[in-house]
Amino acid sequence: MHTVGELLRRWRHRRRLSQLDLAIAADVSARHVSLVETGRSNPSADMILRLAEQLDVPLRERNRLLLAAGFAPRYAERPLDGGALPAAWGAVERVLRAHEPYPALVIDRRWDIVMTNRAVGPFLADVAPDLLRPPINMLRLGLDPRGLAPRIVNLAEMRVVLRTRIARQLATAPDPELAALYEELLAADSEDASHPIESEVVIPMIFRFGGRELRMFSTTTTFGTPMDITLDEIAIESYYPEDAESAAYFRNLAGA
C-alpha cells in the first residue's frame, strides 16, 4: 500500500512537474509539497484534492489518494444506464440519436462499448458472435480478423492512429487492462512503420461496406468537469462522412 505522498509524487513525475511548479499551481509552498510527498506532513482531504486537481488526476485515482490518506472516497461510480444518472443518460441518448444516420457510440476507459446509435448495427452483421458478447471491446472488434479489420482498407494507418491515442491515454491515466490490450492488439510491426501520419490533420478511416468504400473521420466528445467516475471515463465517438458519396450511402442505408 503506497502512502498518499508516494502516489502524489508519482503523479507529479508523470506530469513532468517540479515541486515548485505544483506548489505555484496549487497556491501552496514548495516546502509543503515536499513535506507531503515525504510523509512528514499529513495533508487534509481538501489539500489532496487541490493537488490532484492541478495534476489532472482522474477521479478514480483521486479516490485512491483519499483512501491512502485515511479519508473516505469523494466520487461515486454509478452505471450510466441504471437510472442513477438520468440527466447524463438522456443527454448521451440525444447526442447519439441526433448524429444519425451516421454512426456514433459511447466507450469507457477500456474502450468497452457502453451505448450505440442505430447506424452502428449494420456494420456488425458479419462479426464473429463471441466478439459481440458484452462487454464488446471496440479495439478487439476493430482489430480482430474476425471482426471489422478485414473491412478497414487502411488498417495499418488506423493501427498507428490508435497506438498513438492509447499511448497518450495510458500516460494520462494508467490502466493495467488497457495496457494489456495495447500490448496484445497494437504491438508495432514493420508494416505500421511504413505508414507515417505526422503530417496529416485528419486521418480518414476507409471502410469497405456494401460493395463500396466509405471514407469517415471521427470526433471525440467528453463531459466537462464531471463529478462522477463513470462520466469522467466515458467518451462519445462520432463518425462523419468525408465525402458526398459516403454521406449519401449512409442516408440511403437509413432510409432503407
Side-chain angles (χ1 to χ4, degrees), residues 80-81 92 96 99-197 200 202-222 230 233-242 246 249-250 253:
L80 184 62
D81 60 350
V92 171
L96 294 181
H99 194 64
E100 294 174 354
Y102 310 125
L105 45 84
V106 181
I107 57 172
D108 64 16
R109 65 189 174 118
R110 290 170 178 162
W111 291 62
D112 288 336
I113 297 176
V114 178
M115 299 170 62
T116 72
N117 67 5
R118 290 174 297 182
V120 172
F123 290 86
L124 306 180
D126 297 325
V127 171
D130 62 292
L131 294 177
L132 298 179
R133 294 194 195 107
I136 303 172
N137 185 267
M138 185 175 171
L139 294 178
R140 196 174 298 283
L141 182 67
L143 298 175
D144 193 297
R146 300 168 303 130
L148 301 177
R151 295 182 178 179
I152 302 175
V153 177
N154 59 335
L155 181 61
E157 207 169 43
M158 287 298 97
R159 282 171 50 87
V160 176
V161 171
L162 287 170
R163 184 183 303 113
T164 301
R165 181 172 169 183
I166 296 175
R168 187 181 302 119
Q169 179 181 338
L170 288 171
T172 301
D175 181 275
E177 290 190 32
L178 182 59
L181 271 175
Y182 178 90
E183 292 299 325
E184 176 190 351
L185 300 173
L186 289 166
D189 59 31
S190 57
E191 183 181 1
D192 293 343
S194 65
H195 291 79
I197 60 171
E200 299 288 348
V202 176
I203 307 299
M205 179 175 70
I206 307 171
F207 200 83
R208 188 179 292 110
F209 185 74
R212 66 185 67 194
E213 290 186 357
L214 307 175
R215 299 178 65 90
M216 297 176 284
F217 66 91
S218 66
T219 64
T220 303
T221 305
T222 59
T230 297
E233 295 180 344
I234 64 170
I236 302 173
E237 297 281 323
S238 303
Y239 292 86
Y240 295 82
E242 194 188 45
S246 298
Y249 182 83
F250 279 109
L253 185 64

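By convention here, the first residue in the shown sequence is residue 1.
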K.L.:
Does Arg118 offer a backbone N or O that forms a donor-acceptor pair with the side chain of Glu100 under 3.5 Å?
P.N.:
yes
K.L.:
Ignoring hydrogens and angles, tell me if any N or O in the side chain of Asp108 forms a donor-acceptor pair with the backbone of Thr230 under 3.5 Å.
P.N.:
no
K.L.:
Out of the candidates Asp112, Leu131, Ile107, only one should pair with Asn137 under the side chain to side chain contact (heavy atoms under 4.5 Å, CB included) rule; please name it.
P.N.:
Asp112
K.L.:
Any sub-3.5 Å donor-acceptor pair from Arg140's side-chain atoms to Leu181's backbone N or O?
P.N.:
no
K.L.:
Is any side-chain heavy atom of Thr116 closer than 4.5 Å to one of Phe123?
P.N.:
no
K.L.:
Could you tell me which non-hydrogen atom of Asn117 sits nearest to which non-hydrogen atom of Pro103, and how far apart they are?
P.N.:
OD1-CA, 3.7 Å
K.L.:
Taking all atoms of both residues into account, what is the closest heavy-atom pair of Val120 and Ala104, and its distance?
P.N.:
CG2-O, 3.5 Å
K.L.:
Would you give the length of the straight line joining atom OH of Tyr182 to atom CG of Asp175, rounded to the nearest 0.5 angstrom?
P.N.:
14.5 Å
K.L.:
Does any part of the side chain of Leu155, heavy atoms only, come nearer than 4.5 Å to the side chain of Leu143, both counted from C-beta?
P.N.:
yes
K.L.:
Is any side-chain heavy atom of Ile152 less than 4.5 Å from a side-chain heavy atom of Phe207?
P.N.:
yes
K.L.:
May I ask you to check whether His99 and Tyr240 place their ring centres under 6.0 Å from each other?
P.N.:
yes
K.L.:
Testing the basics here: between Tyr239 and Tyr102, what is the closest heavy-atom pair and its distance to 0.1 Å?
P.N.:
O-CB, 3.2 Å
K.L.:
Taking Gln169 for its side chain and Arg109 for its backbone only, find out whether a donor-acceptor pair lies under 3.5 Å.
P.N.:
yes
K.L.:
May I have the step-by-step check of side chain to side chain contact (heavy atoms under 4.5 Å, CB included) for Asp81 and Val114, ending in yes or no?
P.N.:
CA-CA 9 Å; Asp81 60 350; Val114 178; over 6 Å; no
K.L.:
Give a yes or no on whether the backbone of Arg215 and the side-chain of Ser246 come within a donor-acceptor separation of less than 3.5 Å.
P.N.:
yes
K.L.:
Could you tell me if the side chain of Ile234 sits less than 4.5 Å from the side chain of Met115, heavy atoms only?
P.N.:
no
K.L.:
Closest heavy-atom contact between Arg151 and Pro122?
P.N.:
NH1-O, 4.5 Å
K.L.:
Within a strict 4.5 Å, meaning less than it, do heavy atoms of the Met205 and Val161 side chains meet?
P.N.:
no
K.L.:
Decide yes or no for Trp111 and Leu185: does some side-chain heavy atom of the first lie under 4.5 Å from some side-chain heavy atom of the second?
P.N.:
no
K.L.:
Answer yes when Asp144 and Arg146 have at least one side-chain N-carboxylate O distance shorter than 4.0 Å, and no when they do not.
P.N.:
yes
K.L.:
Where the side chain of Arg163 meets the backbone of Leu186, is there a donor-acceptor pair that is under 3.5 Å apart?
P.N.:
yes
